[in-house]
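Structure first, then comments.
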Amino acid sequence: MSDRGREAFRDVMTFPAPEDGSPTTASMLDFVFADVWQRPVLTRRDRRFITLPCVAASDAEGPLRDHVYAALNSGDIDITEIQEAVLHFAVYGGWPKASRFNMVVDEQWDRIHRERGEQPPPPVPLLPLQTPSDPEARLAVGEQSFMDINCLPYAPTRDNPFQGAGILNFVFGEMWLRPGLGRKERRLITVACVAFQDAPYPIVSHVYAALKSRDLTFDEMDELALHFAAYYGWPKASHLNQVIGEQKIRVLGEWAQEAARS
């Protein structure tokens with residue numbers, strides 16, 4: 001294990017690197033931390049928003065606690081942003097895993113302040129919500145948001161609970177529009193989640209939308225795939241990488257057609 005790997009680990013995680021000399025730890029320090037985390041294009045903050053959903057989905061208690069602690073202790077992500085990340089993860093990664101994620105956020109936020117000899121600040125008030133409370137107005141906002149975020153000319157119909165109450169009313173009528181987290185960060189979380197879910201349509205649609213909207217550049221999406229590989233595994237990352245390649249071609253073709261029409 002190199003000194004560079006240990007220094008990189010401490011910089012990212014905000015606590016000392018493990019001491020064991022196993023091949024797994026050596027590779028983690030020298031490749032994951034000294035190489036992947038140091039690569040350009042994505043910032044360290046960006047990489048936090050890929051790592052967190054991966055460790056939350058993996059049911060790995062130690063890494064989840066460590067990465068939540070590091071994200072908050074470093075100041076890369078503030079408490080409101082990580083709480084919004086938990087909510088976003090709940091939608092795309094599942095509510096049961098998000099429940100544990102949320103508990104760890106609370107535990108580590110308290111730990112950080114205890115270590116600093118401070119009391120955690122009072123939470124930011126949840127209400128009032130920024131989005132309409134009128135049901136019809138909320139669905140209309142959800143439909144427009146769905147089209148804007150997915151880069152599509154249509155929205156799903158309102159005729160069943162999944163689409164109307166779920167997708168239009170909450171996911172796009174509320175969550176994607178919440179002010180506590182930017183759209184780029186929400187893209188990073190979403191792509192990581194659909195990549196580990198193996199859901200054929202969502203992985204295509206969300207990679208496409210992230211690129212077509214220009215919320216993520218082609219290079220940023222490539223880096224996302226590599227970082228995802230380090231935290232969720234190379235087989236799923238290989239599939240993500242394939243989808244990225246296909247959607248780059250699709251988006252470039254659409255941009256060319258749009259340019260020709262203008």
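One hydrophobic cluster, built from ILVMFWY side chains closer than 4.5 Å, holds both Y232 and W234. Following chains of ILVMFWY side-chain contacts shorter than 4.5 Å, one cannot reach M175 starting from L126, and the two form parts of different hydrophobic clusters. The hydrophobic clustering, which links ILVMFWY residues whose side-chain heavy atoms are closer than 4.5 Å, places L87 and V171 together. Neither I249 nor L224 shares a network with the other; the hydrophobic side chains, linked directly or stepwise wherever heavy atoms of I, L, V, M, F, W or Y lie under 4.5 Å apart, form separate groups for each. A continuous path of Ile, Leu, Val, Met, Phe, Trp and Tyr side chains, each step under 4.5 Å between heavy atoms, connects L211 with V204, placing both in one hydrophobic cluster.
A cation-pi arrangement is found for R214 relative to W255, the charged atom lying closer than 6.0 Å to the ring centre and inside a 45° cone about the ring normal. For R10 and F15, the positive end is not near the middle of the six-membered ring at less than 6.0 Å and at most 45° from its axis.
The line from CD of E84 to CD1 of I79 is 11.0 Å long, rounded to the nearest 0.5 Å. Between M13 atom CE and N73 atom CG the span is 10.5 Å, to the nearest 0.5 Å. Taken to the nearest 0.5 Å, the CG atom of L168 stands 10.0 Å off from the CZ atom of F162. Annotation: the span from W109 atom CH2 to L72 atom CG amounts to 6.0 Å, rounded to 0.5 Å. Interatomic distance, CG of L42 versus CG of L188, reported as 6.5 Å (0.5 Å rounding). Distance CG/D219 to CG/L216: 11.5 Å, rounded to 0.5 Å.
A salt bridge is defined here as a Lys NZ or Arg NE, NH1 or NH2 lying under 4.0 Å from an Asp or Glu carboxylate O, and E81 with R45 meets this definition. Taking 4.0 Å as the cut-off between side-chain N and carboxylate O, D222 and K248 count as a salt-bridged pair. Salt-bridge annotation for K236 and D198: present, with a side-chain N of the basic residue lying under 4.0 Å from a carboxylate O of the acidic one. We find that E107 and R100 are joined by a salt bridge, their nearest charged nitrogen and carboxylate oxygen being less than 4.0 Å apart. Using a 4.0 Å cut-off between charged nitrogen and carboxylate oxygen, R47 and D76 do not count as a salt-bridge pair. Salt-bridge formation is not detected for the pair R250/E246: no Lys NZ or Arg NE/NH1/NH2 atom is positioned less than 4.0 Å from an Asp or Glu carboxylate oxygen.
Judged purely by atom type and a 3.5 angstrom limit, S58 uses its side chain to pair as donor or acceptor with the backbone of C54. Using a distance-only test at 3.5 Å, with no hydrogens or angles considered, no donor-acceptor pair links the side chain of H239 to the main chain of P235. Side-chain N or O atoms of S205 include one that pairs as donor or acceptor with a backbone N or O of P202 at under 3.5 Å. Remark: side-chain polar atoms of S145 are not paired, donor with acceptor, to backbone N or O of V141 under 3.5 angstrom. A distance-only check finds no donor-acceptor pair linking the side chain of K184 to the backbone of D215 [under 3.5 Å]. Side chain of D134 to main chain of E136: a donor-acceptor pair is present (N/O by atom type, distance under 3.5 Å, no hydrogens or angles). At distances below 3.5 Å, at least one donor-acceptor pair connects side-chain atoms of R138 with backbone N or O atoms of P132. In terms of modelled atom types and a separation under 3.5 Å, the side chain of Q38 and the main chain of F33 share a donor-acceptor contact. No side-chain donor-acceptor contact under 3.5 Å links S99 to the backbone of W95. In terms of modelled atom types and a separation under 3.5 Å, the side chain of D11 and the main chain of E7 share no donor-acceptor contact.
Contact detail for Y92 and V194: the closest heavy-atom pair is CD2-CG1, 4.4 Å. Residues M221 and V207 approach most closely at CE-O, 3.8 Å, considering heavy atoms. Nearest heavy-atom pair across A56 and F89 is CB-CZ, 3.8 Å. When every heavy atom of R183 is checked against every heavy atom of S213, the shortest pair comes out as NH2-CB, 4.0 Å. Considering all non-hydrogen atoms of both residues, L139 and G164 come closest at CD2-O, 3.5 Å. Heavy atoms only, all atoms of each residue included: L181 and R186 are closest at O-NE, 3.4 Å.
Heavy-atom contacts from other residues, nucleotides or ligands closer than 6.0 Å to CD of E115 number more than 12.
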Walk me through whether L52 and I77 qualify under side chain to side chain contact (heavy atoms under 4.5 Å, CB included).
CA-CA 11 Å; L52 288 168; I77 300 177; 3.9 Å; yes
R187 and I149: CA distance, side-chain angles, deciding distance, side chain to side chain contact (heavy atoms under 4.5 Å, CB included) verdict:
CA-CA 10 Å; R187 296 285 193 194; I149 290 165; 3.6 Å; yes
Step by step, would you call H227 with W37 a side chain to side chain contact (heavy atoms under 4.5 Å, CB included)?
CA-CA 8 Å; H227 199 96; W37 275 90; 3.6 Å; yes
Step-by-step side chain to side chain contact (heavy atoms under 4.5 Å, CB included) determination, L226 to E223:
CA-CA 5 Å; L226 173 59; E223 285 294 322; 4.2 Å; yes
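Inter-residue side-chain proximity for R4 and D30 is flagged as unmet; no heavy-atom pair is nearer than 4.5 Å. No side-chain heavy atom of T190 sits less than 4.5 Å from a side-chain heavy atom of V91. Within the 4.5 Å cutoff, the side chain of N160 has heavy atoms near those of the Q163 side chain. Between Y231 and H67, the closest side-chain pair of non-hydrogen atoms falls below 4.5 Å. Residues N150 and Y208 are not in side-chain contact: their nearest non-hydrogen atoms beyond the backbone lie 4.5 Å or more apart. Residues M28 and F9 have side chains in contact (heavy-atom distance under 4.5 Å, counting atoms from C-beta outward). Counting heavy atoms from C-beta on, the side chains of R48 and S74 come closer than 4.5 Å. Between R158 and E143, the closest side-chain pair of non-hydrogen atoms falls below 4.5 Å.
Ring geometry, H88 versus W176: the interplanar angle exceeds 60°, so the pair is classed perpendicular (tilted spans 30 to 60°).
Between the side chains of T43 and D46, a donor-acceptor pair is found at a separation under 3.5 Å.
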